[in-house]
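In what follows, a structure is listed as structure tokens, so that the remarks can point back to it.
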Amino acid sequence: MAARTTTRLAIGYALAVAFIAAAPLFLDAYWLDVLNSVGLYVLLALSLNLILGDAGLFNMGHAAFYAVGAYTTAILSTRFQIPILWTLPASAVVAALFATLVARPVVHLRGDYLLVVTIGLGEIVRIALVNDVFGLTGGANGIFGIARPTVFGLKIRRPHEFLYLIWAFVAVTVLLFHRLEQSRFGRALNYLREDPVAAEGSGVNTARYRLLAFALGAAWAGMTGTLYAAKMTIISPESFGFWESVVLFLMVILGGSGSIPGVILGATLVVVLPEVFRGFASARMLVFGLVMMVMMVVRPQGLLAFRILRFKESDVRRAGASQ
Amino acid sequence: MSALLEVRGVTKSFGGLTAVSDVSFDVEAGSVVGLIGPNGAGKTTTFNLITGNYRADRGTIRFEDRAIDRMRTHKIVQAGIARTFQNVRLFQQLSAVENVLAGRHCRTKSGALGALLRPPWQVREEREAAARAVEELAFVGLSGHAMELAKNLAYGDQRRLEIARALAADPRLVILDEPAGGMNEQETEELIGLIGRIRKRGITILLIEHDMSLVMRACEHIVVLEYGEKIAEGPPASIQANPRVIEAYLGTEEV
Ligand SMILES: Nc1ncnc2c1ncn2[C@@H]1O[C@H](COP(=O)(O)OP(=O)(O)OP(=O)(O)O)[C@@H](O)[C@H]1O
Ligand SMILES: [Mg+2]
């Protein structure tokens, strides 16, 4: 059974890669841009999934880390003329440090309390950006004139160029996150989610892993911020509001908390469906709300809840034989 | 020579209630020690003090000649004390083998970077950890259940899975909080066998148990608590004959 799941997943990924690679042949610039949006949200949702889905920490302020990454890139690009892609590691590090700093005092809080605190965190970051706290963020207008990224001398400008850049990053992320999921690190996050007391009692430094989940999730959201800033060339605080965090939260819960393919599906649906039903613009949120309610009642585990089993039957047999 | 575990004058209060009051006892290396007493006597609280889940208000706890009463729980596990819980605490949505691997966590090293890059030593570490987990499952008699989710196991099996998880941490002392709780007679009988086999591995055992026949058969030293205080201590025969113990248990259970 486990083997079949893995095969199905591999086929699913192969089809997705083929679709993205060929998309510029049959999609216009508008839909390519939608796909780019999907890619960015998949990255954000996967990064939140580390914190919310894998470690079970209710973070409803994830957009703050996204903002920190985007602003890091924007500032480095406009003030210091640093090439965009070189700012990727800077965004990751700044966002991770920021997350570690703000999460340290609150990360031990129980689920619902942590949720409220992270909402506050998201708002504080947004308000700080609006008020131009360090004289670096350009206030409510934000920062414009962010340079375009160059890859091997090629300037990335048009939607299909961004398509390949963003989705290459998605592909690498999915690969790495699957590896993470299948490791001692990934298991530690799951132990934390399932029962923090038992995790600590089994020898897992739960305080450390809570922070690591936040740091790693924030680092990835920060790098996504870099891609976003590069694609938009202009960023402002309103792109990183409370609603953004709520949407990311929904993507993870809707798709299947803790399941990488589930979260990818969740992010895709939440971005694409409103585009498909553009005609009913006014009823969009209503439908959205209804879908969420029905989902929570009918399928609380998410659409694609399955997770690749870390140890397949064959691994256990092999482990048993090697004694 | 000092004992493996030394509990000295330990006190713990919750608000006005003194759950554990000035309790002292030793656990000698290689022995099986029972901690008994009526409901609410402070047994689980004593365990939680040893494992660092609670901080003692007063008193000291030493393990292998080293103070552990200010250490955090995961550090205490690393120091060599592993435990099970009175009301089974497994990782419900994870498979049995993944549950046991939690015990291996403190004996392995690979971090996030190792997971992402998968160097050969990390792959080897994972393989060895899995082999050990499978071994521990077999040791407690759960060979065929490696891939089952913890929540789908029978209650008695869940208790044994918890023991396997504790053993995977290479403890020198395991402390078991009511290991026979919810088990039927046959399972209890198997548990006594398991306790014997754990001991043969050179692991010291401290256990709380209400099943007196199990305590009398499995333990060579017994500590009795009542209302948070130690009222008796000694080998099973002397405990069974002790008038204070009989009085404490009168109306609740026979000794
Ligand atoms: N976290 C806590 N907060 C407040 N009171 C507590 C706490 N933990 C234990 N107590 C109280 O301390 C006393 C001792 O509890 P403890 O769980 O140690 O008893 P026990 O000997 O394990 O009993 P049982 O055989 O029922 O498991 C009880 O009165 C209990 O209500
Ligand atoms: Mg108890």
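Side chains are part of it too, since the values below use all heavy atoms of this structure and drop only hydrogens, waters and symmetry mates. In the text below, chain A, chain B and the rest are named by the order of the sequence lines, each starting its count at 1.
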Interface moiety of B:E128 toward chain A, non-hydrogen atoms closer than 4.5 Å: neither
Let's go through A:Q182 and B:R118 carefully: what are the C-alpha distance in whole Å and the side-chain angles of both, what is the deciding distance for side-chain contact (heavy atoms from CB on, under 4.5 Å) to 0.1 Å, and is it a yes or a no? CA-CA 11 Å; A:Q182 321 257 334; B:R118 278 201 194 161; 3.9 Å; yes
Mark yes when over 12 heavy atoms from residues, nucleotides or ligands other than B:R197 sit less than 6.0 Å from its CZ; otherwise mark no. yes
Other residues, nucleotides and ligands only: do more than 12 of their heavy atoms fall within 6.0 Å of CH2 on A:W86? no
Lys/Arg-Asp/Glu bridge criterion (N-O < 4.0 Å) met for B:E126, A:R187: yes
Aromatic ring proximity, centroids under 6.0 angstrom, B:H105 and A:Y209: yes
Which value, rounded to the nearest 0.5 Å, describes the distance between A:E194 atom CD and B:R89 atom CZ? 12.0 Å
Taking every heavy-atom pair that is under 4.5 Å apart, which of A:T206, A:L176, A:N205 has the most such pairs with chain B? A:N205
Near A:F58 CZ, under 6.0 Å, is it more than 12 heavy atoms from other residues, nucleotides or ligands? no
Looking only at heavy atoms, the pair that brings A:R179 and B:A115 closest together is CB-O, 3.4 Å
If you count heavy atoms of other groups shown closer than 6.0 angstrom to OH of A:Y113, is the number above 12? no
Gap between atom OG of A:S202 and atom CG of B:L101 - 0.5 Å precision: 11.0 Å
When B:I81, B:T51, B:L116 are compared by non-hydrogen pairs under 4.5 Å with chain A, the top option: B:L116
A:A207 and B:R72: which non-hydrogen atoms are nearest, and at how many Å? CB-NH2, 3.5 Å
With side-chain contact (heavy atoms from CB on, under 4.5 Å) as the criterion, how do A:R184 and B:E125 come out once you've worked through the C-alpha distance, each side chain's angles and the decisive distance to 0.1 Å? CA-CA 10 Å; A:R184 173 176 176 268; B:E125 185 183 85; 4.2 Å; yes
Crowded around B:R66 CZ? As in, over 12 foreign heavy atoms under 6.0 Å? no
Please classify the contact between B:F85 and chain A as side chain, backbone, both or neither, with a heavy-atom cut-off of under 4.5 Å. side chain
Would you mind telling me which of B:A169, B:A166, B:S110, B:P171 has the largest number of heavy-atom pairs within less than 4.5 Å of chain A? B:S110
Contact part of B:Q92 toward chain A, heavy-atom cut-off under 4.5 Å: side chain, backbone, both or neither? both
Considering non-hydrogen atoms only, spot the tightest contact between B:A102 and A:Y191 and give its length. N-OH, 3.0 Å
Nearest 0.5 Å, what's the CG-CD distance between A:N190 and B:Q93? 10.0 Å
Mind listing the closest non-hydrogen atom pair of A:R193 and B:L94 along with its distance? NH2-CD2, 4.3 Å
Closest heavy-atom pair, A:E200 versus B:V77, reported as atoms and distance to 0.1 Å, is O-CG2, 4.0 Å
What heavy-atom pair brings B:N53 and A:V197 nearest, and what distance separates the two atoms? ND2-CG1, 3.9 Å
Go through B:R83, B:K75, B:E162, B:K109 and name the one with the most non-hydrogen pairs under 4.5 angstrom from chain A. B:K109
